[in-house]
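Please read the structure below before turning to the comments.
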Amino acid sequence: MRASAIIVAAGSGRRLGCDVPKAFVPLGGRPMLYYAIRALAAVKDLTEAVITLPPEMLSEGRAVVRGTGVDIPIKLTPGGSERQDSVRIALELVSAESEVVAVHDAARPFASPRLFEETIRAAYRAGGAIAAIPVSDTLKKVDSNAIVATAPRAGLYCAQTPQAFRRELLTRAHRDAIRDGIVVTDDAELVERIGARVEIVDGTPLNFKITTRDDLAIATAGGADLDEAAAELVTLAKQRDGSDNISVQLVRVRSVERVGIYRGRPYKLR
Ligand code: CTP
Ligand code: MG
């Protein structure tokens with residue numbers, strides 16, 4: 001089986017509000033985009049990647065790619081005005097020999113190679129598969145600052161990326177969305193609406209999306225409890241992967257310590 005990855009990194013990061021586009025905001029001394037690309041290196045069956053970038057960041061993006069040392073072919077393209085446009089543009093550059101395409105947000109720097117592999121494998125079998133986690137908070141519908149209803153959370157999941165699909169299915173879903181004037185925030189919805197099966201695979205809260213300053217602060221965890229946090233992360237990762245081959249590195253970056261985990265290798269943050 002041959003698979004391609006699309007990393008969407010063309011957003012501006014309006015809600016984050018930094019002075020560079022979100023994918024280039026430093027995290028542990030590297031641009032955020034670095035980590036998603038680095039994860040691809042360890043993904044089985046992945047033969048290429050396409051990355052969407054803000055048009056003015058193409059040469060910076062090329063430098064980030066070079067810095068990762070990832071050796072599959074990687075194409076860079078300016079993205080579109082909405083995330084959906086960016087995915088569609090990237091999809092046109094994906095090799096016709098790829099059977100499965102995994103779409104991932106650069107804004108989720110902590111996705112593991114294993115999560116890519118699981119979604120790709122499930123998509124190959126079922127048509128589509130996305131990383132997702134069960135909703136754990138109670139959900140309230142609010143109007144004018146007051147609760148008007150409580151939604152039962154049973155069966156509700158939070159969608160993450162990677163989201164993988166048979167290439168032809170995703171292409172058709174995007175084509176139909178254009179025809180019908182539909183704009184959404186994830187690819188699964190486009191595939192759902194053409195009636196195809198999209199399964200979920202177990203994501204993890206560690207694979208959160210960096211959207212706001214608070215998210216960035218969490219990603220750049222600081223403070224005295226870091227050793228404890230690191231031990232906990234290792235335990236969770238071992239349970240999940242069933243492997244002892246996991247390590248955590250704490251690296252001091254300008255008085256803030258960063259934790260990273262990776263299956264099979266230390267997560268080096270410099
Ligand atoms: N994205 C993209 N092209 C767009 C918009 C978003 O490639 N036109 C990418 C972003 O770079 C990000 C992912 O889609 O990796 C998820 O989008 P989001 O978290 O909303 O990022 P931004 O759009 O950059 O943030 P904001 O909505 O706050 O501006
Ligand atoms: Mg956005």
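When a ligand or atom number is given, it counts from 1 through the structure's own listing order.
In terms of protein heavy atoms, atom 29 (O) of ligand 1 is closest to R14 N, 2.7 Å. Here the protein heavy atom with the shortest distance to atom 7 (O) of ligand 1 is A10 N, 2.9 Å. Counting protein heavy atoms only, atom 5 (C) of ligand 1 is closest to R83 N, 3.6 Å. Looking only at heavy atoms of the protein, atom 21 (O) of ligand 1 is closest to K22 NZ, 3.2 Å.
The only option from T185, D186, D105 that meets the side chain to side chain donor-acceptor pair (under 3.5 Å) definition with R83 turns out to be D105. Of the listed residues (N207, T212, T211), just one forms a side chain to side chain donor-acceptor pair (under 3.5 Å) with K209, and that residue is T211.
Taking 4.0 Å as the cut-off between side-chain N and carboxylate O, D180 and R193 count as a salt-bridged pair. At a threshold of 4.0 Å, the pair E48-K75 counts as salt-bridged, since one of the basic side-chain nitrogens sits closer than that to a carboxylate oxygen. The pair E199-R125 counts as a salt bridge, with a side-chain nitrogen and a carboxylate oxygen less than 4.0 angstrom apart.
Residue contacts with ligand 1 do not include G79, since none of its heavy atoms lies under 4.0 Å from the ligand. Within the 4.0 Å heavy-atom shell around ligand 1 one finds A9. The closest approach between T52 and ligand 1 falls below 4.0 Å for a heavy atom of the residue.
Nearest residue to atom 19 (O) of ligand 1 from K209, M32, H104 is K209 (criterion: closest heavy atom). The option from G13, G11, A36, P54 that lies nearest to atom 25 (O) of ligand 1, judged by heavy atoms, is G13. Heavy-atom proximity to atom 16 (C) of ligand 1, evaluated over D105, I89, L53, is greatest for D105.
Distances between N or O atoms of G80 and those of ligand 1 include at least one value under 3.5 Å. At least one N or O atom of V8, backbone or side chain, sits closer than 3.5 Å to an N or O atom of ligand 1.
When heavy-atom distances to ligand 1 are checked against a 4.0 Å cut-off, R15 comes that close through both its backbone and its side chain.
Of all atoms in ligand 1, listed by their number and element, those nearer than 4.0 Å to a heavy atom of E82 are 4 (C), 8 (N). In summary, the atoms of ligand 1 found under 4.0 Å from a heavy atom of S81, numbered by their order in the structure, are 8 (N). Of all the atoms in ligand 1, the ones that sit under 4.0 Å from a non-hydrogen atom of S12 are 24 (O), 29 (O). Each of the atoms 15 (O) of ligand 1 lies under 4.0 Å from some heavy atom of A107. Those atoms of ligand 1 that come under 4.0 Å of a heavy atom in A106, given as number and element, are 15 (O). Heavy-atom contacts of S86 reach the following atoms of ligand 1: 2 (C), 3 (N), 4 (C), 7 (O), 8 (N) (cutoff under 4.0 Å).
Annotation: side chain of L170 is in contact with side chain of V191 (closest heavy-atom distance under 4.5 Å). Within the 4.5 Å cutoff, side-chain heavy atoms of H174 are placed close to those of D187.
Not less than 6.0 angstrom separates the ring centroid of F110 from the ring centroid of Y35.
With sequence neighbours left out, L58 forms a side chain to side chain contact (heavy atoms under 4.5 Å, CB included) with L53, L76, P78.
For residues 113-139, the pairs satisfying ring-ring contact (aromatic ring centres under 6.0 Å, His included) are H104-F116, with sequence neighbours left out.
Atom 14 (O) of ligand 1 is flagged as protein-proximal [any protein heavy atom, distance under 4.0 Å].
Counting only distance, with no hydrogens or angles, the side chain of R30 and the backbone of V64 share no donor-acceptor pair below 3.5 Å. A donor-acceptor contact shorter than 3.5 Å is absent between the side chain of T119 and the backbone of A131.
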